[in-house]
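Written below as structure tokens is the structure these notes are about.
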Amino acid sequence: MAKLVYALNQSLDGYVDHMAFAPDPALFRHFIDDVRGLAGSIYGRRMYEVMRYWDDEHPEWDAPRRDYAAAWRNMPKWVASRTLESVGPNATLLGEDLEAAVRELKARHEGVIEVSGPELAHSLTGLGLVDEYRMYLHPGVLGGGKPYFAGPRPPLRLVASERIGEQVIRLTYVPA
């Protein structure tokens, strides 16, 4: 059975913004290796639209960006959306019954399935489906924006911390 992991970058004050956190080379290598090892990813519509950037080739990319794009393209992706009618390569729209779809994905796969998007993670947390939370804590303060947690969550227990690169700490929590 797969483990469902909610993982995102966040500021010291708890906000997520993909434009605010440029990873250093060590963190970017970590993300490449992470994506290569995933059983897949579940995205909400907005996060999926951000990540579709990696579907296209960009001539200005360096080798690590090409590696990340290749890993992302090869990984199965599932998208929870009520508005999208189609998705890109190696992606599947989830049906109306999100809980049943995610339970089936967890039962059918081994390894880690990542969840990306605060609202989606909040919904899945409410259904008791998120097994682990990984916060990539960056040393910036954004002062506002979209919070990592989109709403109340059950108590959490810290199970690991790891420094990645020069400035990021990954905190790993599980439901208490």
Side-chain angles (χ1 to χ4, degrees), residues 1-12 14-18 21 23 26-54 67-81 87 90-94 97-138 146-165 168-176:
M1 176 174 268
K3 177 169 42 171
L4 199 61
V5 175
Y6 172 40
L8 275 182
N9 293 301
Q10 81 168 38
S11 63
L12 288 176
Y15 296 103
V16 299
D17 181 342
H18 72 281
F21 308 117
L27 181 60
F28 198 66
R29 174 54 49 197
H30 168 84
F31 288 145
I32 294 167
D33 293 341
D34 180 62
V35 169
R36 280 188 180 138
L38 293 176
S41 280
I42 303 173
Y43 293 98
R45 179 192 53 82
R46 285 183 294 275
M47 186 62 73
Y48 177 70
E49 289 174 339
V50 167
M51 294 302 290
R52 289 285 317 263
Y53 167 81
W54 298 103
D67 287 348
Y68 185 87
W72 192 81
R73 289 174 193 151
N74 288 329
M75 173 188 63
K77 294 166 275 299
W78 301 280
V79 183
S81 173
V87 290
N90 210 13
T92 304
L93 279 169
L94 295 176
D97 188 347
L98 180 63
E99 180 177 8
V102 173
R103 287 190 188 284
E104 180 184 336
L105 289 173
K106 286 180 72 169
R108 199 173 59 206
H109 294 277
E110 294 292 325
V112 171
I113 297 174
E114 275 191 354
V115 175
S116 293
E119 288 89 4
L120 176 59
H122 177 66
S123 295
L124 296 175
T125 293
L127 296 170
L129 294 172
V130 177
D131 301 300
E132 189 173 288
Y133 301 82
R134 294 180 187 167
M135 300 171 198
Y136 290 85
L137 195 59
H138 291 254
K146 186 176 293 254
Y148 178 90
F149 289 107
R153 66 218 165 264
L156 300 175
R157 179 173 52 88
L158 179 68
V159 295
S161 62
E162 175 186 6
R163 184 177 178 158
I164 303 172
V168 172
I169 301 289
R170 181 177 71 184
L171 302 173
T172 304
Y173 291 88
V174 297

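Values below: every heavy atom of this structure, side chains too, minus hydrogens, waters and symmetry copies. Computed from a prediction, not measured in an experiment: that's the story for all the values here. Heads up: numbering here begins at 1 and tracks the sequence.
Taking all atoms of both residues into account, the shortest heavy-atom contact from Asn90 to Arg73 is ND2-O, 3.0 Å. Here the shortest heavy-atom pairing between Val16 and Pro118 reads CG2-CG, 3.8 Å. The shortest heavy-atom contact between Ser81 and Leu93 is CB-CD2, 4.3 Å. Considering every non-hydrogen atom in both Ile113 and Ala39, the closest pair reads CG1-CB, 4.1 Å. Taking all atoms of both residues into account, the shortest heavy-atom contact from Gly40 to Trp78 is CA-CZ3, 3.6 Å. For the residue pair Leu38 and Met75, the shortest heavy atom distance occurs at CD1-SD, 3.7 Å.
In this structure, CZ on Arg163 lies 15.0 Å from CZ on Arg170, to the nearest 0.5 angstrom. Taking CD of Glu114 as the reference point, atom NZ of Lys3 lies at 10.5 Å (rounded to 0.5 Å).
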TODO: Evaluate the criterion side-chain contact (heavy atoms from CB on, under 4.5 Å) for residue pair Val115 and Leu129; output intermediate values, then yes/no.
DONE: CA-CA 10 Å; Val115 175; Leu129 294 172; over 6 Å; no

- [ ] Could you walk me through whether Leu137 and Leu12 pass the side-chain contact (heavy atoms from CB on, under 4.5 Å) test, one step at a time?
- [x] CA-CA 6 Å; Leu137 195 59; Leu12 288 176; 3.9 Å; yes

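Proximity of Arg134 to Asp34: side-chain heavy atoms (C-beta onward) are separated by under 4.5 Å at one or more points. The shortest distance between side-chain heavy atoms of Leu124 and Leu98 falls below 4.5 Å.
In this structure, Thr92 has no side chain to side chain donor-acceptor pair (under 3.5 Å) partners at least two apart in sequence or on a different chain. The side chain to side chain donor-acceptor pair (under 3.5 Å) test applied to Thr125 returns Tyr133, not counting sequence neighbours.
Aromatic pair Phe28/Tyr68: ring centres closer than 6.0 Å.
When each of Phe31, Phe21, Tyr148 is paired with Tyr136, the ring-ring contact (aromatic ring centres under 6.0 Å, His included) condition holds for Phe31 and for no other.
Sorted by first then second residue, the salt bridge (charged side-chain N to carboxylate O under 4.0 Å, His left out) pairs that include residues 146-157, not counting sequence neighbours, are Glu119-Lys146.
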